[in-house]
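Read through the structure below, which is laid out as structure tokens, and then see the notes.
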Amino acid sequence: MKCVIIDDEPLAIDVLRDYCEKIRLLDVVGTFTNALDAIAVIKEKEVDLIFSDIEMPQISGIDFMQSMDNRPLFIFTTAYSQYAIEGFELNAVDYLVKPIPYHRFVKAVVRAKELMSLKEKDKSMKPYISSSC
């Protein structure tokens with residue numbers, strides 16, 4: 001799964017990149033300290049998963065997610081638990097509170113992989129499902 005990490009804290013990016021490198025199915029195609037800088041890469045590389053902080057300068061992770069058409073899967077990575085309900089209402093895959101334990105990161109990635117597999121299966125079944133069903 002191609003993924004992007006967005007966080008205004010370089011140390012948080014380093015931790016997440018290290019976690020991603022330990023999981024072979026993840027391919028980090030970009031890291032950004034600002035969500036707006038990530039837009040071009042997300043469109044160009046057809047990103048499957050975004051790890052995003054919420055409270056960032058210029059645009060919040062939630063506002064960024066809401067602004068995207070045909071958005072990839074999102075896992076929020078934040079120090080603030082008060083946005084969890086809003087994150088889940090936006091269909092975030094998971095909501096990880098910093099400091100993020102590695103086992104929770106793995107659990108969130110597994111959930112994202114399962115959701116991605118379901119989406120792919122759904123796409124492959126559409127030609128066989130008639131609209132009159």
Where is the tightest heavy-atom contact between G61 and M56, given as atom of each residue plus distance? N-CE, 3.9 Å
Minimum-distance pair of heavy atoms, taken over all atoms of I6 and A38: CD1-CB, 3.8 Å
Under a 4.5 Å side-chain heavy-atom rule over Ile, Leu, Val, Met, Phe, Trp and Tyr, are L26 and M116 clustered together? yes
I need the L49 CG to L25 CG distance, nearest 0.5 Å. 9.0 Å
Name the atoms and distances for all side-chain donor-acceptor pairs under 3.5 Å in residues 7-18, with sequence neighbours left out.
residue	atom	partner	partner atom	Å
D7	OD1	E9	N	2.9
D7	OD1	K98	NZ	3.4
D7	OD2	K98	NZ	2.6
D14	OD1	R17	NH2	3.2

Would you say that D94 contacts F88 through its side chain, given a criterion of any heavy-atom pair below 4.5 Å between the two side chains? yes
Could you measure the distance from the OG atom of S52 to the CD1 atom of I62? Nearest 0.5 Å is fine. 9.0 Å
Those residues that, when tested against Y80, pass side-chain contact (heavy atoms from CB on, under 4.5 Å) (two or more places apart): E55, T78, Q82, Y83
Side-chain heavy atoms under 4.5 angstrom apart, residues restricted to Ile, Leu, Val, Met, Phe, Trp, Tyr: same cluster for I54 and F51? no
What's the spacing between K113 NZ and I23 CD1 if we round to 0.5 Å? 12.5 Å
Do you reckon V41 sits in the same ILVMFWY cluster as M65, going by side-chain contacts under 4.5 Å, direct or chained? yes
What distance do L115 atom CG and E120 atom CD have between them, rounded to the nearest 0.5 Å? 11.5 Å
Side chain to side chain donor-acceptor pair (under 3.5 Å) pairs touching residues 24-51, sequence neighbours excluded, are N34-Q58
Within a strict 4.5 Å, meaning less than it, do heavy atoms of the F32 and V4 side chains meet? yes
Grouping I, L, V, M, F, W and Y whenever their side-chain heavy atoms are under 4.5 Å apart, do I5 and Y95 come out in a common cluster? no
Stepwise, does the side chain to side chain contact (heavy atoms under 4.5 Å, CB included) test hold for I75 with L96? CA-CA 7 Å; I75 295 176; L96 304 176; 3.8 Å; yes
With sequence neighbours left out, the residues meeting ring pair (Phe, Tyr, Trp, His ring centres under 6.0 Å) with Y19 are Y102, F105
For the CG atom of D53 and the OG atom of S60, what is their distance to the nearest 0.5 Å? 9.5 Å
Holding to side-chain hydrogen bond (donor to acceptor under 3.5 Å, both in side chains), I want the full list of residues that pass it with N91, two or more places apart in sequence or in another chain. none
When rounded to the nearest 0.5 angstrom, what is the spacing between CD in E114 and CG in L73? 11.5 Å
Hydrophobic cluster membership, with links at side-chain heavy-atom distances under 4.5 Å among I/L/V/M/F/W/Y: are V28 and V106 in one? yes
Ring pair (Phe, Tyr, Trp, His ring centres under 6.0 Å) with F64: which residues, sequence neighbours excluded? none
Is the closest side-chain heavy-atom distance between M68 and I42 below 4.5 Å? yes
